[in-house]
Protein chains: 2
Amino acid sequence: MKKSLADKIEQYIKVLIDRSSEHKIEIQRSELAETFRCVPSQVTYVINTRFTEKKGYLTESRRGGKGFVRIARFQDNSNLNEILNKNELLVFIDELLEKRAITKKEHEMLRYLVIHGFKDIPVKEKNKLFAAVRYALDSFTQARKH
Amino acid sequence: MKKSLADKIEQYIKVLIDRSSEHKIEIQRSELAETFRCVPSQVTYVINTRFTEKKGYLTESRRGGKGFVRIARFQDNSNLNEILNKNELLVFIDELLEKRAITKKEHEMLRYLVIHGFKDIPVKEKNKLFAAVRYALDSFTQARKH
DNA sequence: CCTTCTTTGACTTTTACTGACTTTTGTTTA
DNA sequence: TAAACAAAAGTCAGTAAAAGTCAAAGAAGG
């Protein structure tokens, strides 16, 4: 299994991120391309295939003079946490039904919302969101009791 | 972290605004240009690209002798947009009730969620979120009809 | 083979910066 | 007081320096 250039660039960037203070680096595409003696679009390729949101990275960039590419790894890396949190919220919603704090119809609707409603929200925000929804539901059902 | 001149001027102005009493400053374009050793139109460029209304700033200026550029940051640029969008979603939810697609209780719960549930989500995400919720609710109620 | 991943390069778009020229406004002077 | 002057700020187009896009060719793996 020979390492492709893309693999090497990927590894290089990951080392940079590891060494950085905030899990965040800023590079210049053209500069990096020169380091590896390849065309700049090769770097773009690496970024698009290896540093995706799904893999736990956020990227930003700016064109033009003094342009840059910023790559940040977010700490609650990934899926696991997201799914966990979504599950936690779903469990909470199930408990509400068990406690008769919500009706069966409401329960059905809420589950649907949680599962399908938050597709486009970045992972980082999603956790906050789930917590917020949980809080809101809690105080709502409390309030409704009286 | 290579900062462009425009970035530096932007930051400089923002610090001035932060230190000001009313989130408002008055500068002289030519003076600032001299400080940064650039042409005055560079300052105009920064103001036009970084201190726009969309980003929460209002600018005024006067030419000629005793000329000036005034930059003011207004409290919550987002509010207007946010509220508008939230309202759109609330209107949609109200319509669902009118169409009998949801019950009164569901309606009540959804309104509460929208109003109280998404407090900590950044504005930028919030709009996407509202759209997502609207979409989810739409398909949910469609599906439930059958 | 066939498919998928990599690499390349020509072309596009965005952003920064500059300088010549214009417009506006206050001040001075005839 | 009207005209000239000076001192601002605005406009705009041009240049350069990035990064992005996309399709096509090439390589690797099954």
Side-chain angles (χ1 to χ4, degrees), chain A residues 1-17 20 24-73 120 122, chain B residues 1-17 20 24-73 77 124:
Chain A
M1 206 218 301
K2 215 178 150 209
K3 272 212 185 114
S4 67
L5 179 54
D7 290 336
K8 287 179 200 151
I9 296 175
E10 176 190 5
Q11 198 152 15
Y12 181 83
I13 292 175
K14 284 186 172 164
V15 168
L16 287 186
I17 293 176
S20 72
K24 183 195 290 184
I25 60 160
E26 208 174 283
I27 56 171
Q28 260 167 285
R29 187 182 78 144
S30 52
E31 208 175 79
L32 191 53
E34 220 174 293
T35 305
F36 283 92
R37 289 190 183 74
C38 62
V39 293
S41 54
Q42 174 75 346
V43 176
T44 304
Y45 173 73
V46 172
I47 289 164
N48 289 339
T49 57
R50 321 292 223 260
F51 296 90
T52 63
E53 200 170 318
K54 252 200 126 181
K55 293 185 178 166
Y57 295 88
L58 284 178
T59 62
E60 279 179 286
S61 66
R62 194 168 69 192
R63 301 184 183 189
K66 301 276 166 44
F68 58 79
V69 176
R70 215 176 269 150
I71 306 176
R73 178 172 61 214
D120 286 342
Chain B
M1 293 262 191
K2 263 189 201 157
K3 283 226 179 87
S4 67
L5 179 54
D7 290 336
K8 287 179 201 153
I9 296 174
E10 176 191 5
Q11 197 155 16
Y12 181 82
I13 292 175
K14 283 186 172 166
V15 168
L16 288 187
I17 292 176
S20 72
K24 185 195 291 185
I25 60 159
E26 206 174 285
I27 56 172
Q28 257 165 290
R29 187 181 80 143
S30 51
E31 206 175 84
L32 191 53
E34 220 174 294
T35 304
F36 283 92
R37 287 190 186 75
C38 62
V39 292
S41 56
Q42 174 75 350
V43 176
T44 305
Y45 172 73
V46 172
I47 289 165
N48 289 339
T49 56
R50 318 292 222 262
F51 295 90
T52 63
E53 199 169 321
K54 243 195 135 182
K55 293 183 178 167
Y57 296 89
L58 284 178
T59 60
E60 279 179 286
S61 66
R62 195 167 66 194
R63 303 183 183 190
K66 302 276 168 49
F68 59 79
V69 176
R70 218 177 266 151
I71 306 176
R73 179 172 60 214
N77 71 350
K124 214 175 132 194

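In what follows, chains are A, B, ... by sequence order, proteins preceding strands, each numbered from 1.
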Novice: Checking A/T49 now: which residues fulfil side-chain contact (heavy atoms from CB on, under 4.5 Å) with it, not counting sequence neighbours?
Specialist: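 side-chain contact (heavy atoms from CB on, under 4.5 Å) list for A/T49, sorted by chain: A/Y45.
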Novice: More 5' along DNA chain C: B/R50 or B/V39, using each one's nearest nucleotide?
Specialist: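 Nearest-nucleotide comparison on DNA chain C picks B/R50.
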Novice: Considering the terminal five base pairs at each end of the helix from C/dC1-D/dG30 to C/dA30-D/dT1, what angle separates the two local helix axes, rounded to 10°?
Specialist: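 Axis-to-axis angle, ends of the helix: 10°.
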Novice: For DNA chain D, what residues of residues 27-37 of chain A have any heavy atom nearer than 4.0 Å?
Specialist: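 Per residue number, the list reads A/Q28, A/R29, A/S30.
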Novice: List in numerical order all residues of residues 41-48 of chain A for which some heavy atom is under 4.0 Å away from an atom belonging to DNA chain C.
Specialist: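 Nucleic-acid contacts, sorted: A/S41, A/Q42, A/Y45.
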Novice: How many angstroms lie between atom CG of A/L32 and atom CD1 of A/I13, to the nearest 0.5 angstrom?
Specialist: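 The CG atom of A/L32 sits 5.5 Å away from the CD1 atom of A/I13.
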Novice: Name every residue in residues 61-72 of chain B that has at least one heavy atom under 4.0 Å from any atom of DNA chain D, in order of residue number, or write none if there are no such residues.
Specialist: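 Within residues 61-72 of chain B, the residues near DNA chain D are B/S61, B/R62, B/R63, B/G64, B/G65, B/F68.
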Novice: On DNA chain C, reading 5' to 3', which nucleotide is the first and which the last to sit with an atom under 4.0 Å from a heavy atom of chain B, could you check?
Specialist: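 Endpoints of the contacted stretch of DNA chain C: C/dT15 to C/dT27.
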Novice: Any idea which heavy atoms bring A/E10 and A/F51 closest together, and the distance?
Specialist: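 Taking A/E10 first and A/F51 second, the nearest heavy atoms are O-CZ, 3.7 Å.
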Novice: List the residues meeting side chain to side chain donor-acceptor pair (under 3.5 Å) with A/Q11, not counting sequence neighbours, and say none if there are none.
Specialist: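 If we apply the side chain to side chain donor-acceptor pair (under 3.5 Å) test to A/Q11, skipping adjacent residues, the hits are A/K3.
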Novice: To the nearest 0.5 Å, how far apart are CD1 in B/I71 and CD1 in B/I27?
Specialist: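 The CD1 atom of B/I71 sits 4.5 Å away from the CD1 atom of B/I27.
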Novice: Of the non-hydrogen atoms in B/I25 and B/S20, which two are nearest, and what is the gap between them?
Specialist: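 Nearest pair, atom of B/I25 first, then B/S20: CG2-CB, 4.0 Å.
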Novice: Among all residues two or more places apart in sequence or in another chain, which pass the side chain to side chain donor-acceptor pair (under 3.5 Å) test with B/K8?
Specialist: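 Side chain to side chain donor-acceptor pair (under 3.5 Å) list for B/K8, sorted by chain: empty.
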Novice: Looking only at heavy atoms, which two atoms of B/Q28 and B/G67 are closest? And how far apart?
Specialist: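 Taking every non-hydrogen atom into account, CG-O, 3.4 Å.
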Novice: B/S30: what forms a side-chain contact (heavy atoms from CB on, under 4.5 Å) with it, not counting sequence neighbours?
Specialist: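 side-chain contact (heavy atoms from CB on, under 4.5 Å) list for B/S30, sorted by chain: empty.
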Novice: A/E26 has an atom CD; how far is it from atom P of D/dA19, in whole Å?
Specialist: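 Distance, rounded to whole Å: 11 Å.
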Novice: For residues 33-44 of chain A, which side-chain N or O atoms pair as donor and acceptor with protein atoms under 3.5 Å away, sequence neighbours left out?
Specialist:
unit_1 : atom_1 : unit_2 : atom_2 : d
A/T35  : OG1    : A/E31  : O      : 3.1
A/T44  : OG1    : A/R29  : NH1    : 2.8

Novice: Roughly how far apart are A/T52 OG1 and A/N48 CG, rounded to 0.5 Å?
Specialist: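 Separation between the atoms: 9.5 Å.
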Novice: Rounded to the nearest 0.5 Å, what separation is found between the CZ atom of A/R50 and the OH atom of A/Y57?
Specialist: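 Between A/R50 CZ and A/Y57 OH, I get 11.5 Å after rounding to 0.5 Å.
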Novice: Under the rule for side-chain contact (heavy atoms from CB on, under 4.5 Å), what residues qualify as partners of B/K66, not counting sequence neighbours?
Specialist: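 side-chain contact (heavy atoms from CB on, under 4.5 Å) list for B/K66, sorted by chain: B/R62.
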Novice: Going by side chain to side chain donor-acceptor pair (under 3.5 Å), name the residues that satisfy it together with B/E26, two or more places apart in sequence or in a different chain.
Specialist: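 B/E26: side chain to side chain donor-acceptor pair (under 3.5 Å) contacts with B/R70.
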